[in-house]
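Source: prediction; values computed, not measured.
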Amino acid sequence: MADQVSAREAIEGPIPTLDPAEALARAREGKGYWKRVWESLKDDKVTIVVAIVLLLIFLAAIFAPLIATHDPSKGSIIGRLKGFGYKDHLLGTDETGRDMFSRLVFGARLSLISGVLPVIFALLIGGSLGIAAGYLRGRVNTVIMRSMDVLYAFPSILLAIAICGILGSGLENTLLALTITFIPPIVRVSETVTVQVRSLDFVDAARTSGASSASIMCRHVLNNVLGQILVYTTSLVSLSIILAAGLSFLGLGVTPPDAEWGLMLNNLRQAIWVNPTIAALPGVAIFITSMSFNLLSDGLRQAMDIRL
Amino acid sequence: MTVADLRKHFPIKRNLLGRTLSAVQAVDDISFQVIKGETLGIVGESGCGKSTTARLLMRLIEPDAGVVTFDGNTVGGAHGVGVRDLYRDVQMVFQDSYASLNPRMPISMSIAYGPLSQGMNRKAAMAVAVKLLEQVGLNPVLYANRYPHELSGGQKQRVNIARALALRPRLVILDEAVSALDKSIEAQILNLLIDLKQEYDLTYVFISHDLNVIRFISDRVMVMYLGHIVEVGRVEDIYARPEHPYTKALLAAMPSMDPRKRTETAPITGDPPNPIDPPPGCRFRTRCPHAAQICEDRTPSLNDGAATGEGHLVACHMRDRRSGHPEARSSGASQ
């Protein structure tokens, strides 16, 4: 396009200059960037499909009472562990005769909450700590990063189990345990990214324009750092779902009779010889959801890397 | 701008009490003057402290010692002008044209950011940016809304120059501003710099390792070696009558355009000594063909030697008759 215009310029003389107000309107920061991300995301079929799948799962969780065909906690002595399409049970029934489809839909609520919320909390806490450590350097950095190293000494699953074991079971404690588990890796990633960006010349250039630290932080550091932290965080959601399911499986997370995929998997474990397809369903749900989050984060990373 | 005894040592090893055990002596007690309206070229090989000097002048790093005076006002300190005020008058163009532009900001915003930070309203700041884009030869209609990764190296460096000029500085420090560019683009940018200098009545401190570029653009040249200034003078004096053995070696290392003046032997060999533990006395003596005992015993100073041309100062014992160097000789015509 540039060539066409300069060709025109050669014939018709200089191009009229841009009105400052229009330039301002055009250069509104950020808008252009996200538009570009969207454009490159649009052509990425896998990411789009995965995003739609996730959207459907989220909608199902939100509108669970409308979608569920049965009461998720109402059992039946006769109709236990029946296969697909038994009576009007679309996906069969579990070990106490409860409708599997309804339980999976309701289970999505708790599973998504325990997958997404701890990551969001950890992002808020760990992100601010990491960016602060990377931006301020010196003592602040040492204190924050060395405390994270202490947490890092435990394997993440073990840490979550230990915290849950101390606090006792229940959704709130699961969320708390997972949040604490995810803070150290997020801090470390944010710190690394911030240190990298901060050492680039454009931050120094911004300093030489006499801008305040707050302004440099917001306009120059944050928007170069957030994208990368966000992508990393998205990949943690799937891990969080799996960890939460694992905690429930061990009896440290959600307590029965609440529907939660990990807990359902645990309860159906004994039925694997009776009806393996039904027993595998919660696992399939966990697999699809965590896989989708992983693919989404991959797609986001590629789309946001347009500057390279 | 006057610089007196500027020093920066980067600590690399500390003991338990935080006392510095060893440090890189990046810039060691240098003093010089930048005269209003001139272009002062700073030349020297990699690691000699050129860029550290630039960053010290801009207060991007705090000096360990020394006083910088701009226009009669001391920079920093209790009674001096603040760094914020300094940035109204002194700006810098960085070497890496890519890293010195925010990749997430349209270039017009990058240029307007300075005036905005100094309290100009958005519309006026954008007007400044549009005008500067035109002046550095980038059509604002096409380029104002572009991002740095959509520009070539030369175009990015034009944007960087525009950004530096947005605050209407009087002194611009150019740290290897053209070193990363193609030769043809380099020439364009150098001409642009010369035009802008006339238009805005600027003073340049031009840092480069390229002797041809320095010769082209500078009025005066300062040669640095391992954190010291070894020679300073008008460009014609330095290039026609280099006095310091290091300057001579540098100039001899320049490729000649005349095939009959082929350089047969390497004028200078070896690497510069480690700046963590520089040799006592004259820092160049380890590679100097004229090194004598006195060079180890005493550090030559710029003020010892007698000047030949106007303001041509050399830090070498050979230039000082009283130094006791066996090859010391009285200076030429003017003394």
Side-chain angles (χ1 to χ4, degrees), chain A residues 1-6 8-9 14-37 139 196-216 218-228 304-308, chain B residues 55 58-60 82-88 90-110 112-118 122-131 133-134 139-150 160 163-164 166-167 173 175:
Chain A
M1 190 192 136
D3 293 335
Q4 287 170 7
V5 179
S6 45
R8 199 202 71 177
E9 185 187 21
I15 297 167
T17 55
L18 190 62
D19 176 40
E22 203 198 328
L24 177 66
R26 283 197 201 181
R28 281 259 181 250
E29 205 190 332
K31 187 175 144 199
Y33 171 72
W34 290 107
K35 218 169 118 192
R36 279 151 214 256
V37 170
R139 293 249 162 82
Q196 261 169 24
V197 167
R198 199 191 189 290
S199 67
L200 291 176
D201 280 343
F202 68 82
V203 179
D204 277 342
R207 279 170 68 198
T208 64
S209 55
S212 64
S213 296
S215 167
I216 294 172
C218 295
R219 308 286 297 271
H220 293 279
V221 178
L222 269 187
N223 57 7
N224 281 291
V225 158
L226 277 186
Q228 294 182 61
M304 290 171 92
D305 238 10
I306 43 170
R307 64 180 168 143
L308 296 176
Chain B
R55 280 167 191 265
M58 283 309 278
R59 287 285 154 143
L60 284 172
V83 169
R84 235 181 106 99
D85 293 324
L86 174 74
Y87 292 154
R88 265 193 257 275
V90 186
Q91 280 291 312
M92 176 164 172
V93 177
F94 294 82
Q95 171 173 16
D96 187 337
S97 62
Y98 178 72
S100 51
L101 288 173
N102 185 339
R104 294 284 158 85
M105 234 186 213
I107 55 170
S108 52
M109 270 308 292
S110 282
Y113 184 76
L116 277 173
S117 314
Q118 297 275 3
R122 287 181 78 95
K123 200 173 166 184
M126 200 49 87
V128 169
V130 167
K131 177 146 186 285
L133 274 176
E134 260 170 61
N139 186 334
V141 178
L142 292 178
Y143 291 100
N145 199 27
R146 292 218 183 166
Y147 285 82
H149 71 271
E150 296 170 309
N160 278 318
R163 195 253 318 274
L167 287 172
I173 298 166
D175 183 8

request  = Answer whether the closest heavy-atom distance between the side chains of M92(B) and D204(A) falls below 4.5 Å.
outcome  =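 Contact flag for M92(B)/D204(A) side chains = no.
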key: Residue pair H220(A) / M105(B), side-chain heavy-atom distance below 4.5 Å   = yes
Distance-minimising heavy-atom pair for S100(B) and A205(A) =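 What the structure gives for the nearest pair is O-CB, 4.2 Å.
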request  = List the atom of S209(A), the atom of G114(B), and the distance in Å for their closest heavy-atom pair.
outcome  =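 Taking S209(A) first and G114(B) second, the nearest heavy atoms are CB-CA, 3.4 Å.
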ask   = Is it the backbone or the side chain of L101(B) that comes under 4.5 Å from a heavy atom of chain A, or both, or neither?
value = backbone
task = Tell me, for R88(B) versus chain A, whether the close heavy atoms (under 4.5 Å) come from the side chain, the backbone, both or neither.
result =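 R88(B) has no heavy atom closer than 4.5 Å to chain A.
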ask   = Under the 3.5 angstrom rule, does the side chain of N102(B) hit a backbone N or O of R219(A) as a donor-acceptor pair?
value =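 Flag set: sc N102(B) to bb R219(A) pair under 3.5 Å.
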How long is the gap from [atom1] on [X] to [atom2] on [Y], to the nearest 0.5 Å?
X: Q95(B); Y: D201(A); atom1: CD; atom2: CG; answer: 8.5 Å
X: R104(B); Y: N223(A); atom1: CZ; atom2: CG; answer: 7.0 Å
X: L167(B); Y: T208(A); atom1: CG; atom2: OG1; answer: 8.0 Å

ask   = Quick one: what part of I216(A) sits under 4.5 Å from any heavy atom of chain B, side chain, backbone, both or neither?
value = both
